[in-house]
Amino acid sequence: MAQRVAVIGAGPGGLVSARWLLSRGFEPTLFEQEPNLGGQWSGLPGISGVWPGMHTNTSRILTSFSDLAHQGVCTFLPNEDVLDYLRRYAAMFDLERRIRLSCKVTQVSRRGTRWAVEHEGSTELFDKVVIASGRFHAPLVPEVPGLDTFTGSGGVVTTFQFRGADSYRGKRVLVAGCAVSALEIASELAHSGAARVVVTQRRQRYVLPKFAAGVPSDHRIFTRYGVLANEALPPAEVDRQLREIVVEAGGSPEQYGAPEPAASLFAAGVTLSQHYLPLVAEGRIAVRPWLDSVSGNDVAFGDGTTEPFDALLFGTGFRLDLPFLSEDIAGVLDVDAVHLDADRSTFHPDLPGLAFVGMWDQSGGYFVPLELQARWIAYTWGGAIPPPDPSEQHDAIRAYRARREMPQKTRMNLAALTFARAAGCEPNLDRWPELRRALLFGPLAPSCFRLEGPDALPGAAEMFTRDAAAFGAITSNEMTPREQAYWEQVR
């Protein structure tokens, strides 16, 4: 009899997990607290940070799973298209009948070797559980002296609550933060009639345009080569190479009139945004140091200046929120607002039969690594690959704990290759000499992870060739002089 698996969440992570669990003979049931599937992409207030008019900051090829391509020719998709894509994906694998909508899970706990899932006053037992409830639905607002005294007509909200620029027309708006939502919303406000837009940041990040020379930037920066360089080269050289790519694509912020970032890209960080820096250069967005305090509608900044505002918008991150985990499970994982102890963000050896999907923080799109993580879980539980060694998992968790006080954000390519290697589907460069350049310096398209390993597809090489050549990125197997020099450093 097939083992039953509870999948908590019917967003991208939950859907792709159910698809791959089905492929290995499991019987998944998805629990979704909202009336629609899609998670963040549902656009529902309170559960989603997606606002009307929002487009992806990742290209359509890297915002997809390996079994289904997007329709149309948009490079950066309207949010409605992503939701439609997820609906088509669910229909493709007959997942809708497995989803219990408007069914909120209140607790997951251990019952011997099985798992109890409580919802709507009843309890069901499952053989295994996948937690795919999302990493980005509990926004954080930092403590600012006097914030509760703010009297501006637009109030204090988070970018997660933002639902469009219309209500900010003619208003003076302060946007706090330097991640993608803050910069994209600041840009939308400047384009849509806000009287004044100011961005306040703790530090100036580098800003990478979504498009550079006709090629999506996520095709350039999140590459297999970047992973190999991270493993083989000194951190300072990896830092230099990444900064070179970013500055060549879009310049450095001080060239636009923004503050100068740290010389190290690793220290400064990087955010994708097409319009933000040009709007700073035009004077339509001003940049200020971090805010020190609030009094009435006046905000004081770290440089000693004060300015009145009508609205404050905070795009300052999220806390990890898993309230349904039993005290026992949360204790084993040592869950806090940022961390949970798990081998590669997925398994804990003391909690066999429990897995997490999408709980790490990264720059870059999640679709490709989500699918690879889901495949690793399904292959491990289904016996397609050997299970991880518990002692090695404990070592990995100890190493993670040693870094808990350090920033934990990773890059999409590092996460994707971690899961691909674990799932046994990282393509071997020596087996694909005709694709070597594309596999090294092209996009980490989902098709390249169907070249070999479990569930390899006969047409994957042709699919990946098309994906790598899209937008004119990789149209031949001949490396450029710089690519050749980079490759010589790591081969």
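These numbers come from the heavy atoms of this one structure, side chains and all, not from hydrogens, waters or symmetry mates. All residue numbers in this chain count up from 1 along the given sequence.
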Student: Donor-acceptor pair, Asp341 side chain versus His348 backbone, under 3.5 Å?
Tutor: no
Student: Give me the atom names and distance for the closest heavy-atom approach of Leu62 to Pro443.
Tutor: CD2-CB, 4.3 Å
Student: Looking at residues at least two apart in the chain, or sitting in another chain, which of them share a ring-ring contact (aromatic ring centres under 6.0 Å, His included) with Tyr366?
Tutor: Phe136, Trp360
Student: Write down the atom of Asn428, the atom of Glu452, and the distance for their closest heavy-atom approach.
Tutor: N-OE1, 3.2 Å
Student: Should Glu254 and Pro261 count as side-chain neighbours, where that means a heavy-atom distance under 4.5 Å?
Tutor: yes
Student: Any luck finding a side-chain donor-acceptor pair between Ser252 and Gln255 under 3.5 Å?
Tutor: no
Student: Does Leu174 reach the side chain of Leu312, with side-chain heavy atoms less than 4.5 Å apart?
Tutor: yes
Student: State, yes or no, whether a side-chain contact exists between Arg437 and Thr480 at a heavy-atom distance under 4.5 Å.
Tutor: yes
Student: Are the side chains of Asp350 and His394 in contact, using a 4.5 Å heavy-atom criterion?
Tutor: yes
Student: Would you mind reporting whether Leu228 and Leu440 have side-chain heavy atoms less than 4.5 Å apart?
Tutor: yes
Student: Taking C-beta and beyond as the side chain, do Phe65 and Pro12 meet within less than 4.5 Å on heavy atoms?
Tutor: yes
Student: Would you say the side-chain atoms of Asn79 pair up with the backbone N or O of Met54, donor to acceptor, closer than 3.5 Å?
Tutor: yes
Student: If we only count heavy atoms from C-beta on, is the Leu451 to Arg431 side-chain gap below 4.5 Å?
Tutor: no
Student: Mind running side-chain contact (heavy atoms from CB on, under 4.5 Å) on Leu417 and Leu444 for me, showing each step along the way?
Tutor: CA-CA 9 Å; Leu417 263 294; Leu444 277 180; 3.7 Å; yes
Student: Flag the pair Asp310 and Arg196 as a salt bridge only when some basic side-chain nitrogen lies within less than 4.0 angstrom of an acidic carboxylate oxygen.
Tutor: no
Student: Check this for me, if you would: do Arg482 and Glu244 make a salt bridge, where the nitrogen-to-carboxylate-oxygen distance has to be below 4.0 angstrom?
Tutor: yes
Student: Going by ring-ring contact (aromatic ring centres under 6.0 Å, His included), name the residues that satisfy it together with Tyr206, two or more places apart in sequence or in a different chain.
Tutor: none
Student: Any chance you could lay out the side-chain contact (heavy atoms from CB on, under 4.5 Å) test for Thr159 and Trp51, step after step, and finish with the verdict?
Tutor: CA-CA 9 Å; Thr159 54; Trp51 64 90; 5.9 Å; no
Student: Does Ser264 have any side chain to side chain contact (heavy atoms under 4.5 Å, CB included) partners at least two apart in sequence or in another chain, and if so, which?
Tutor: Asp239, Phe266, Ala267
Student: Output all residues satisfying salt bridge (charged side-chain N to carboxylate O under 4.0 Å, His left out) with Asp336, sequence neighbours left out; order by chain, then residue number.
Tutor: Arg404
Student: Kindly determine whether Ser48 and Gln40 satisfy side-chain contact (heavy atoms from CB on, under 4.5 Å), including the steps that lead there.
Tutor: CA-CA 4 Å; Ser48 166; Gln40 286 285 345; 3.9 Å; yes
Student: Keeping Ser42 on the side-chain end and Gly38 on the backbone end, is there a donor-acceptor pair under 3.5 Å?
Tutor: no
Student: For Glu478, does the CD atom have more than 12 heavy-atom neighbours from other residues, nucleotides or ligands under 6.0 Å away?
Tutor: no
Student: Ignoring hydrogens and angles, state whether a donor on the side chain of Thr58 or Thr63 is under 3.5 Å from an acceptor on the partner side chain.
Tutor: yes
Student: Please check if the side chain of His55 supplies one atom and the backbone of Gly53 the other of a donor-acceptor pair under 3.5 Å.
Tutor: yes
Student: Side chain to side chain contact (heavy atoms under 4.5 Å, CB included) with Arg491: which residues, sequence neighbours excluded?
Tutor: Arg436, Gln484, Trp487, Glu488
Student: Report, one line per pair, each donor and acceptor closer than 3.5 Å where one atom sits in a side chain of residues 367-375; sequence neighbours left out.
Tutor:
{"unit_1": "Glu371", "atom_1": "OE1", "unit_2": "Ser66", "atom_2": "N", "d": "2.8"}
{"unit_1": "Glu371", "atom_1": "OE2", "unit_2": "Trp20", "atom_2": "NE1", "d": "3.4"}
{"unit_1": "Glu371", "atom_1": "OE2", "unit_2": "Ser66", "atom_2": "OG", "d": "2.6"}
{"unit_1": "Gln373", "atom_1": "OE1", "unit_2": "Gly358", "atom_2": "N", "d": "3.0"}
{"unit_1": "Gln373", "atom_1": "NE2", "unit_2": "Ser345", "atom_2": "O", "d": "3.3"}
{"unit_1": "Gln373", "atom_1": "NE2", "unit_2": "Thr346", "atom_2": "OG1", "d": "2.8"}
{"unit_1": "Gln373", "atom_1": "NE2", "unit_2": "Phe356", "atom_2": "O", "d": "3.0"}
{"unit_1": "Arg375", "atom_1": "NE", "unit_2": "Tyr379", "atom_2": "OH", "d": "3.0"}
{"unit_1": "Arg375", "atom_1": "NH1", "unit_2": "Phe449", "atom_2": "O", "d": "2.9"}
{"unit_1": "Arg375", "atom_1": "NH2", "unit_2": "Tyr379", "atom_2": "OH", "d": "3.2"}
{"unit_1": "Arg375", "atom_1": "NH2", "unit_2": "Phe449", "atom_2": "O", "d": "3.4"}
{"unit_1": "Arg375", "atom_1": "NH2", "unit_2": "Pro454", "atom_2": "O", "d": "2.8"}

Student: Which atom pair, heavy atoms only, marks the closest approach of Ile474 to Gly442?
Tutor: CG1-CA, 3.8 Å
Student: If the condition is ring-ring contact (aromatic ring centres under 6.0 Å, His included), which residues does Tyr85 pass it with, not counting sequence neighbours?
Tutor: His70
Student: Does Gln204 reach the main-chain N or O of Pro253 with its side chain, forming a donor-acceptor pair under 3.5 Å?
Tutor: no
Student: Could you list the residues that satisfy ring-ring contact (aromatic ring centres under 6.0 Å, His included) with Phe160, not counting sequence neighbours?
Tutor: Phe318
Student: Applying side chain to side chain donor-acceptor pair (under 3.5 Å), run through Gln161 and Thr158 and close with a yes or a no.
Tutor: CA-CA 5 Å; Gln161 299 164 293; Thr158 67; 3.2 Å; yes
Student: Is it the case that the side chain of Ser133 and the backbone of Ile8 share a donor-acceptor pair, with hydrogens and angles ignored and the cut-off at 3.5 Å?
Tutor: no
Student: Could you tell me whether the side chain of Thr316 and the main chain of Leu140 form a donor-acceptor pair under 3.5 Å?
Tutor: yes
Student: How far apart are the closest heavy atoms of Gly164 and Ser167, and which atoms are they?
Tutor: O-OG, 4.1 Å
Student: Applying side-chain contact (heavy atoms from CB on, under 4.5 Å), run through Ser363 and Phe222 and close with a yes or a no.
Tutor: CA-CA 9 Å; Ser363 56; Phe222 300 120; 4.0 Å; yes
Student: Grab the two heavy atoms, one from Leu272 and one from Ser217, that are nearest each other, plus how far apart they are.
Tutor: CD2-CB, 4.0 Å
Student: What residue pairs, at least two apart or across chains, pass salt bridge (Lys or Arg N to Asp or Glu O under 4.0 Å) with a residue in residues 211-228?
Tutor: Arg224-Glu426
Student: Is the shortest side-chain heavy-atom distance between Val227 and Arg421 below 4.5 Å?
Tutor: yes
Student: Show me the side-chain donor-acceptor pairs of residues 278-301 shorter than 3.5 Å, one per line, residues at least two apart or across chains.
Tutor:
{"unit_1": "Glu282", "atom_1": "OE1", "unit_2": "Arg284", "atom_2": "NH1", "d": "3.1"}
{"unit_1": "Arg284", "atom_1": "NH2", "unit_2": "Ala190", "atom_2": "O", "d": "3.4"}

Student: As an exercise, state the distance from CG of Leu351 to CG of Leu333, rounded to the nearest 0.5 Å.
Tutor: 5.5 Å
Student: Which residue in the set Leu354, Ile329, Leu340 passes side chain to side chain contact (heavy atoms under 4.5 Å, CB included) when paired with Ile131?
Tutor: Leu354
Student: Could you list the residues that satisfy side chain to side chain contact (heavy atoms under 4.5 Å, CB included) with Thr75, not counting sequence neighbours?
Tutor: Ser59, Arg60, Phe211, Pro216, Phe471
Student: For residues Gly177 and Leu183, report the shortest heavy-atom separation together with the two atoms involved.
Tutor: O-CD2, 4.3 Å
Student: Please enumerate all residues that pass salt bridge (charged side-chain N to carboxylate O under 4.0 Å, His left out) together with Glu237, with sequence neighbours excluded.
Tutor: Arg240
Student: Would you say the side-chain atoms of Arg205 and Thr271 include a donor-acceptor pair closer than 3.5 Å?
Tutor: yes
Student: Scan side-chain atoms only and decide if Thr410 and Gln362 contain a donor-acceptor pair under the 3.5 Å cut-off.
Tutor: no
Student: For His275, is there any backbone N or O sitting under 3.5 Å from a side-chain donor or acceptor partner on Lys210?
Tutor: no
